Amino acid sequence: MTDFKLTQDEISSLKVTHRTTRKKREADRIKTIILLGTGWSVREVAEVLMLDDDTIRNYLSRYKEGKLELLLKDSHKGYGGKLSKSEIVQLDDHLNNNTYGRTQDIVFHVSKHFKVKYSISGMRDFLHRIGYAYKKPKLTPP
């Protein structure tokens, strides 16, 4: 990687961006480019930043292709889930109108009405993500 060099203006610009960023991932990407542009090898940068060699090469190729904009672009999309947005709204309405004592019963309801299979732990995690919490029923004296 000795053919990659940065000018002092590019290094200064990258350092300013590095100081203003709040995301660790973006900061690591910028540090990678600065180190490679000042003569460090891919292996050395990977060792110092505790990243994989292929990741370092990926950052470099992204920077060469689209400069800082492409380097910092994060195109990762998280898992959307098994239920669509409209199905989640329907389930939310159903849960607001019906009380379930067990997560297993909700799993059965979702399987029956939406034809989507969840494990009990998966349903529990999903319910937490959409704002539900388990509250153990308490006995009240007659």
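From a predicted model like this one, the values you see are computed outputs, not experimental measurements. Any value given below was found using the heavy atoms of this structure, including those in side chains, with hydrogens, waters and symmetry copies removed.
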(Q) Is there a continuous path of hydrophobic side-chain contacts, each under 4.5 Å between heavy atoms, that joins F4 to Y59? (A) yes
**Q.** Note, Y63 side chain near L6 side chain (heavy atom, < 4.5 Å)
**A.** yes
(Q) Looking at H109, is its backbone amide N or carbonyl O close enough to the side chain of H113 to form a donor-acceptor pair, meaning the two atoms are under 3.5 Å apart? (A) yes
Q) Looking at S119 and V107, what are the two nearest heavy atoms and their distance? A) O-CG2, 3.9 Å
(Q) For R124 and S121: C-alpha separation, side-chain torsions, deciding distance, then whether side chain to side chain contact (heavy atoms under 4.5 Å, CB included) applies. (A) CA-CA 5 Å; R124 182 193 64 233; S121 62; 3.8 Å; yes
Q. Considering all heavy atoms of both residues, which atom of I106 and which atom of L127 are nearest to each other, and what is their separation?
A. CD1-CD1, 3.7 Å
**Q.** Criterion side chain to side chain contact (heavy atoms under 4.5 Å, CB included) on I88 and F126, from CA distance to verdict
**A.** CA-CA 10 Å; I88 292 172; F126 170 72; 3.8 Å; yes
Q: Side-chain contact test, heavy atoms from C-beta onward, threshold under 4.5 Å: evaluate it for K31 versus I34 and give yes or no.
A: no
Q. Judged by atom type as modelled, is there a donor-acceptor pair below 3.5 Å linking the side chain of D105 to the main-chain atoms of G101?
A. no
Q) Which heavy atom in A46 sits nearest to a heavy atom in D53, and how many Å separate them? A) CB-OD1, 3.1 Å
Q) Considering all heavy atoms of both residues, which atom of M123 and which atom of V110 are nearest to each other, and what is their separation? A) CE-CG2, 3.6 Å
Q. Thinking salt bridges, do D28 and R25 make one under a 4.0 Å N-O criterion?
A. no
Q: Kindly give the heavy-atom pair with the smallest separation between K64 and D3, and that separation in Å.
A: NZ-OD2, 4.3 Å
(Q) Show, in sequence, the C-alpha distance, side-chain angles and deciding distance for E87 and K82, and conclude whether the side chain to side chain contact (heavy atoms under 4.5 Å, CB included) test is met. (A) CA-CA 10 Å; E87 290 171 333; K82 294 180 179 182; over 6 Å; no
Q: Go through the steps for L68 and T17 under the test side chain to side chain contact (heavy atoms under 4.5 Å, CB included), then give the verdict.
A: CA-CA 9 Å; L68 197 57; T17 306; 3.6 Å; yes
**Q.** Reported CG-to-CD distance for the pair L71 and E26, which is rounded to 0.5 angstrom
**A.** 8.5 Å
Q.
Nearest 0.5 angstrom please: D52 CG to R57 CZ, how far?
A. 8.5 Å
**Q.** With L91, the side-chain contact (heavy atoms from CB on, under 4.5 Å) member among V116, N96, L83
**A.** L83
(Q) Taking D125 first and then R129, would you say they form a salt bridge - that is, a charged N and a carboxylate O separated by under 4.0 Å? (A) no
Q. Around F108, counting heavy atoms of other residues, nucleotides and ligands shown, do more than 12 lie under 6.0 Å from its CZ?
A. no
(Q) If we check side-chain contact (heavy atoms from CB on, under 4.5 Å) with I11, which of these qualifies: T38, I33, V16? (A) T38
Q | Side chains of T55 and L49 in contact at under 4.5 Å (non-hydrogen atoms) | A | no
Q.
Could you check whether any side-chain N or O of Y134 sits under 3.5 Å from a backbone N or O of T103, counting only pairs where one atom can act as donor and the other as acceptor?
A. no
(Q) Could you check whether atom CD of E47 has more than 12 heavy atoms from other residues, nucleotides or ligands sitting under 6.0 Å from it? (A) no
**Q.** Expected output: side-chain T21 to main-chain H18 donor-acceptor under 3.5 Å
**A.** no
Q: Mind listing the closest non-hydrogen atom pair of L70 and R62 along with its distance?
A: O-NH2, 3.1 Å
Q) Same hydrophobic cluster for V48 and L36, using side-chain heavy-atom links shorter than 4.5 Å among ILVMFWY? A) yes
Q) Are the aromatic rings of Y100 and H94 close, with centres under 6.0 Å apart? A) yes
Q | Residues K67 and E10 bridged, charged N to O under 4.0 Å | A | yes
Q) What distance do R29 atom CZ and K23 atom NZ have between them, rounded to the nearest 0.5 Å? A) 9.5 Å
